[in-house]
Amino acid sequence: MVSRRNFFAGAGAVAVSTALVSRAGAASLPEAVVMDKASTQPPLMPPNGRPYNPVVTLNGWTLPWRMKDGVKEFHLVAEPVVREIAPGMKANLWGYNGQSPGPTIEVVEGDRVRIFVTNKLPEHTSVHWHGQRLPNGMDGVTGLTQPGIDPGKTFVYEFVAKRPGTFMYHPHADEMTQMAMGMMGFWITHPKDHNFMRVDRDFCFLLNAYDIDPGSYTPKVNTMLDFNLWTFNSRAFPGIDPLVIAQNDKVRIRVGNLTMTNHPIHMHGHEFVVTGTDGGWVPPAARWPEVTTDIAVGQMRAIEFVASEPGDWSLHCHKSHHTMNAMGHDVPTLIGVDQREVLGKINKLVPGYMVMGDKGMADMGEMEMPLPDNTLPMMTGSGPFGGIGMGGMFTTMKVRKGLARGDYKDPGWYKHPPGTLAYEWKEGGIARPEPVRAPDAGRMAAKPGEQVLQVTKPGKNHAH
């Protein structure tokens, strides 16, 4: 049995050893860089140190470092942040360096890394380097391998990045609160041979979930399963940027799951192989083609494919409720229920009341109903042919011919070649849906609730 006195004596020894590790490099702290944009930032090309092929963090960024006596030094600041989940909704979260999730940390196999962690939260915290091989005292478990980092204090973690791969970081302190409030981030250790497992485009993002009541701004931290916002990197569609890819690029997408449930991530238009987990690279003989990979809690999967097929392809969680926003639980199903009589009675009391869900939920995204403050429609987002009817864990891969290697700018909606677009058959003619050009941005978009049909006679470009 460990006494209170012995426990704190042990904790003091850990604090001293941490100070000893940091003393050589802690005369001055590295700059704590802060990000205030919710859009995907360009990859950070390494300004010094060994070369590597950088990743692109979806709706995120990479943390800069400084080199000091051959050590890569980073500065993480744990702090309250405001994250825009999607246009029209913001959340009071906890994160790092101005955002949740925190910035991606990129290093190279064999690098000695020193991370300064400053705590600006109202309670103690720590950082666990999920999946890393490191000295036990750097593992970041409060009470077991270190004392907590109290508010206003700075701790230093230092170790050699021994194993290449994809990892995560998050607290092991008051996890129920701190993880539910968004404290997490990605860590990439690139192989020392930058041509090993080389790809043309390398994306990464975390899966996270929140329970935020409409009209409120702060997540409920006691929720176990009934979350109402499912996100990629704390963004919900249509606030998630597309993955912009040049046709025939070899592409890697790294996805980490720090939610409370598993997520089957599904890709349209291509098949892929799982090439990496948080345990390391998967040997080629152990890989097989998939279009969906299930990512359990605390796991990471790296998938790879050749983007041979041009178009706007969906990438999403295949749990249907995870591609919706601000869901309501315990709502009865009203499909097939004739509500005309009750609608007339309710309208006398509540003018403008609308029935919901008697024919299905597909029209929900196009209803212009007033919403409570700071929330999102359950299904939202418009494409070139109308409402997409998706939210949450959904985005697109925009595969285009002729994009330059470093070009990640949104190319707009895909223009389908003649004869490659599904159409309606009608006796005596064909009604083919055509995109509606948005008048403001020069991009293809449908006006809410509008579908334009152009009737043409069958021709050589139409199959029968």
Side-chain angles (χ1 to χ4, degrees), residues 35 37-46 52-65 74 76 83 95-97 99-109 129-132 161 163-170 182-191 194 196-208 231-235 239-245 249-259 263 265-267 272-282 293 295-296 298-305 307 315-317 393-398 406 408:
M35 175 59 63
K37 296 182 177 65
S39 56
T40 302
Q41 299 303 300
L44 176 64
M45 303 306 294
Y52 64 81
N53 303 309
V55 300
V56 172
T57 305
L58 187 65
N59 288 103
W61 59 298
T62 289
L63 184 65
W65 68 86
F74 299 85
L76 281 176
R83 176 67 160 172
Y96 302 90
N97 298 61
Q99 280 200 352
S100 169
T104 298
I105 295 175
E106 296 186 70
V107 302
V108 178
E109 176 187 11
W129 313 100
H130 185 110
Q132 300 274 10
R163 187 163 64 89
T166 310
F167 312 104
M168 298 176 277
Y169 63 87
H170 60 80
M183 295 189 69
M184 57 191 71
F186 242 127
W187 176 298
I188 310 291
T189 301
H190 295 281
H194 64 280
F196 176 74
M197 299 287 289
R198 189 184 183 105
V199 294
D200 298 303
R201 300 196 183 218
D202 198 339
F203 298 94
C204 69
F205 58 89
L206 287 168
L207 307 175
N208 25 44
T231 66
F232 289 171
N233 249 37
S234 294
R235 293 278 286 184
I240 304 175
D241 289 340
L243 282 68
V244 178
I245 300 166
D249 271 356
K250 186 173 184 180
V251 181
R252 178 182 301 125
I253 303 175
R254 313 175 194 231
V255 185
N257 180 10
L258 289 176
T259 73
H263 297 280
I265 300 299
H266 174 59
M267 178 185 294
F272 57 77
V273 293
V274 175
T275 59
T277 73
D278 20 10
W281 299 110
V282 177
T293 184
I295 308 176
Q299 287 186 335
M300 188 286 303
R301 292 291 179 266
I303 62 176
E304 293 183 19
F305 64 101
L315 180 71
H316 62 96
C317 177
M393 293 177 161
F394 174 90
T395 190
T396 56
M397 302 187 308
K398 295 192 172 184
Y408 291 91

Locate the shortest heavy-atom distance separating T231 from M393; write the atom from each residue and the value.
O-CE, 3.5 Å
With side chain to side chain donor-acceptor pair (under 3.5 Å) as the test, would you mind laying out the steps for D241 and N59 before giving the verdict?
CA-CA 6 Å; D241 289 340; N59 288 103; 3.3 Å; yes
Taking atom types as modelled, find out whether R301 and T293 have a side-chain donor-acceptor pair closer than 3.5 angstrom.
no
Under 3.5 Å, is there a donor on one side chain and an acceptor on the other for E106 and H190?
yes
Any side-chain donor-acceptor pair under 3.5 Å between E304 and T275?
yes
Is it true that the NZ or CZ of R252 lies under 6.0 Å from the centre of F272's six-membered ring and within 45 degrees of the ring axis?
no
Search all heavy atoms of P101 against all heavy atoms of L206 and return the closest pair with its distance.
CB-CD1, 4.0 Å
I'd like to know whether the aromatic ring centres of Y96 and Y169 sit less than 6.0 Å apart in this structure.
yes
Hey, mind stepping through S100 and R83 against side chain to side chain donor-acceptor pair (under 3.5 Å) and telling me if it holds?
CA-CA 7 Å; S100 169; R83 176 67 160 172; over 6 Å; no
I would like to know whether K37 and M35 meet side chain to side chain contact (heavy atoms under 4.5 Å, CB included); could you show each step before the answer?
CA-CA 6 Å; K37 296 182 177 65; M35 175 59 63; 3.9 Å; yes
Of the non-hydrogen atoms in P191 and V108, which two are nearest, and what is the gap between them?
O-CG1, 4.0 Å
Please give me the minimum heavy-atom distance between V251 and A307, naming the atom from each residue.
CG2-CB, 4.3 Å
Using the side chain to side chain contact (heavy atoms under 4.5 Å, CB included) rule, pick out the option among T395, I253, T40, V56 that qualifies with F205.
I253
Between F167 and W129, does a side chain to side chain contact (heavy atoms under 4.5 Å, CB included) hold up when you go through it step by step?
CA-CA 7 Å; F167 312 104; W129 313 100; over 6 Å; no
Between the side chains of T104 and T62, does any donor sit under 3.5 Å from an acceptor?
no
Which heavy-atom pair separates V244 from R201 by the least distance, and what is that distance?
O-NH1, 3.0 Å
Angle class for the Y52/W65 ring planes (parallel below 30°, perpendicular above 60°, tilted otherwise)?
tilted
Kindly compute the distance separating CD1 (I188) from CG (D202), expressed to the nearest 0.5 Å.
7.0 Å
Does the side chain of N208 come under 3.5 Å of the side chain of T259 through a donor N or O and an acceptor N or O?
no
